[in-house]
Number of protein chains: 2
Amino acid sequence: MNPLEIPEIVIRRLPLYLRTLNLMAAQGQTVTSSQEIGERLGISSTQIRKDLSYFGEFGKQGTGYNIEYLREQLRQILQVSQRWKVALIGAGDLGRAVLRYSGFEEGGFEITAVFDKDEQKIGRQIGKLKVLDIAKLHEVIREQGICIAIIAVPASEAQEVADALVNAGIKAILSYAPLPLRLPSNVQVHYIDPVIGLQSMTYYLSPEQI
Amino acid sequence: MNPLEIPEIVIRRLPLYLRTLNLMAAQGQTVTSSQEIGERLGISSTQIRKDLSYFGEFGKQGTGYNIEYLREQLRQILQVSQRWKVALIGAGDLGRAVLRYSGFEEGGFEITAVFDKDEQKIGRQIGKLKVLDIAKLHEVIREQGICIAIIAVPASEAQEVADALVNAGIKAILSYAPLPLRLPSNVQVHYIDPVIGLQSMTYYLSPEQI
DNA sequence: CTTCTATTGTGCATTTTAGCACAAAGTAGG
DNA sequence: CCTACTTTGTGCTAAAATGCACAATAGAAG
């Protein structure tokens with residue numbers, strides 16, 4: 001099955017399935033079904049089976065899915081069996097929170113370099129890492145062979161940082177800055193903006209709750 | 001036009017349009033077109049016009065949209081003309097980063113209470129707010145008339161917190177915990193999980209980049 | 001006043017996504 | 001071995017979302 005033919009919306013759901021399987025495995029569960037995964041995620045079981053069928057046949061009729069096996073298959077599909085090195089740009093409050101979040105490691109990512117342009121922050125130790133001068137971005141990224149970056153700088157500086165990242169060879173960016181970045185089409189990008197999420201919920205709140 | 005008939009996917013895009021208009025307004029621009037908004041967001045102009053048409057006719061043929069006017073219309077549709085009070089649960093690294101992020105205010109939200117269960121953190125001052133004991137969750141939320149909450153606690157405690165929030169009358173939750181919450185259907189919820197975003201990008205990275 | 005250009009709002013066609021329903025295949029119990 | 005029950009994977013159908021194409025209309029230029 002050609003990867004180009006698999007809908008992006010399917011790819012977007014796979015990490016949710018993987019996360020669910022991780023939780024089940026952590027609780028000692030060994031077998032599950034599309035129905036159980038679906039109930040946890042609020043997705044129909046048919047959808048889950050169809051999504052998985054793009055990549056192969058991972059289940060057993062009458063029994064369901066072996067959790068360990070399906071986990072490993074999903075990890076391979078998503079290419080998170082090995083750990084990816086990630087560069088973090090911005091050592092402010094957000095950057096520090098990102099750095100201390102353990103979820104990245106479990107998900108297959110390791111932040112191996114932190115950058116900031118503020119001289120006050122450069123050189124400071126955060127966890128295992130020392131904050132580096134953003135002037136060394138290109139050099140360090142090339143040296144370490146990093147191809148994923150997280151942008152945690154103010155909106156006003158995000159585009160500039162993104163340009164530098166692309167220039168350094170970064171191929172995937174997760175941006176916390178609330179604006180769309182102008183990037184070459186061969187660079188992946190995902191955004192995280194909590195306000196967008198809140199605003200689409202307030203639409204549904206009844207007016208008397210204001 | 002009955003709100004129940006408007007597709008959720010349309011509602012999800014409106015905050016993006018609003019954010020784009022805010023940026024344009026901040027740069028002194030007064031008029032725009034569906035094409036310009038679309039180019040910035042990577043969305044087709046037709047889509048934008050169709051989305052807006054669910055709610056009325058806001059543009060002028062030949063001219064486009066008055067930015068101030070369309071902004072105000074979108075704010076009213078999304079119910080963010082007034083500011084919503086928000087409770088934040090969790091005063092760890094993430095909670096503090098959330099608290100210091102200025103984007104919420106601009107988006108129509110004000111965090112007016114922070115809670116934690118850790119005695120070390122309770123009573124500590126963060127910005128204008130003092131961290132409150134989570135035991136007072138119900139009381140404070142009722143008193144202040146809060147109906148939106150942000151969960152920034154570890155995954156293991158998120159469900160417990162969510163239950164308490166629902167019990168206190170919260171109607172919308174933004175959760176940073178990487179797991180699906182079990183909630184009554186009349187409570188809105190959105191999740192933020194950076195790992196999900198990263199993992200759906202690694203799928204597209206070429207293997208030699210690992 | 002006429003012509004030219006720009007842009008909206010929308011009917012219709014196309015494409016994409018989701019879901020039903022069922023054959024196939026496995027398990028459990030007697 | 002036989003029957004009853006589960007659950008997968010998938011062909012087909014239905015629904016949802018997107019995009020094309022164009023009439024309508026505004027404004028600008030001459």
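No hydrogens, no waters, no symmetry mates; every other heavy atom, side chains included, goes into these values. Proteins get letters first, then strands, A, B, ... in listed order; numbering begins at 1 in each.
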Starting at [atom1] of [X] and ending at [atom2] of [N], how long is that distance when rounded to a whole Å?
{"X": "L70(A)", "N": "dT7(D)", "atom1": "CG", "atom2": "C1'", "answer": "14 Å"}
{"X": "E57(A)", "N": "dA24(C)", "atom1": "CD", "atom2": "P", "answer": "14 Å"}
{"X": "R49(A)", "N": "dA18(C)", "atom1": "CZ", "atom2": "P", "answer": "15 Å"}
{"X": "K50(B)", "N": "dT7(C)", "atom1": "NZ", "atom2": "C1'", "answer": "16 Å"}
{"X": "Y54(B)", "N": "dG9(C)", "atom1": "OH", "atom2": "C1'", "answer": "13 Å"}
{"X": "E5(B)", "N": "dA17(D)", "atom1": "CD", "atom2": "P", "answer": "13 Å"}
{"X": "E8(B)", "N": "dT17(C)", "atom1": "CD", "atom2": "P", "answer": "16 Å"}

- prompt: At what distance, to the nearest 0.5 angstrom, does CZ of R19(B) lie from CG of D193(A)?
  reply: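 Going from the CZ atom of R19(B) to the CG atom of D193(A) covers 5.0 Å.
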
Inter-residue atom distance F109(A).CZ - W84(A).CH2, 0.5 Å rounding: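 Rounded to the nearest 0.5 Å, the CZ-CH2 separation comes out at 8.0 Å.
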
task: Give one of base, sugar-phosphate or nothing for L52(B), where a contact means two heavy atoms less than 4.0 Å apart.
output: nothing

query: What is the per-nucleotide protein-contact pattern of nucleotides 25-30 of chain D, from the 5' end, where B denotes a base atom under 4.0 Å from a protein heavy atom, S denotes such proximity for sugar-phosphate atoms only, and - denotes neither?
result: BBS---

Going by heavy atoms in the side chains, are [X] and [Y] under 4.5 Å from each other?
{"X": "R40(B)", "Y": "I37(B)", "result": "no"}
{"X": "F104(A)", "Y": "V98(A)", "result": "yes"}
{"X": "L52(A)", "Y": "L74(A)", "result": "yes"}
{"X": "L174(B)", "Y": "Y176(B)", "result": "yes"}

- prompt: With a 3.5 Å cut-off and no angle check, do the side chains of Q79(B) and T202(A) form a donor-acceptor pair?
  reply: no

query: Does a donor on one side chain and an acceptor on the other come within less than 3.5 Å for R75(B) and S81(B)?
result: no

task: Kindly write out the residues that satisfy side-chain hydrogen bond (donor to acceptor under 3.5 Å, both in side chains) with Q76(A), not counting sequence neighbours, or none if the list is empty.
output: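 Q76(A) satisfies side-chain hydrogen bond (donor to acceptor under 3.5 Å, both in side chains) with E72(A) only.
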
message: The side chain of P7(B) is closest to which nucleotide in this list: dG19(D), dA17(D), dG9(D)?
response: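 From the listed options, dA17(D) comes nearest.
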
query: Under a 4.0 Å heavy-atom cut-off, which of residues 26-47 of chain B touch DNA chain C?
result: S33(B), S34(B), T46(B)

query: Mapping F58(B) and V10(A) onto DNA chain C by nearest heavy atom, which one lands closer to the 5' end?
result: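 Per heavy-atom nearest nucleotide, the more 5' residue is F58(B).
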
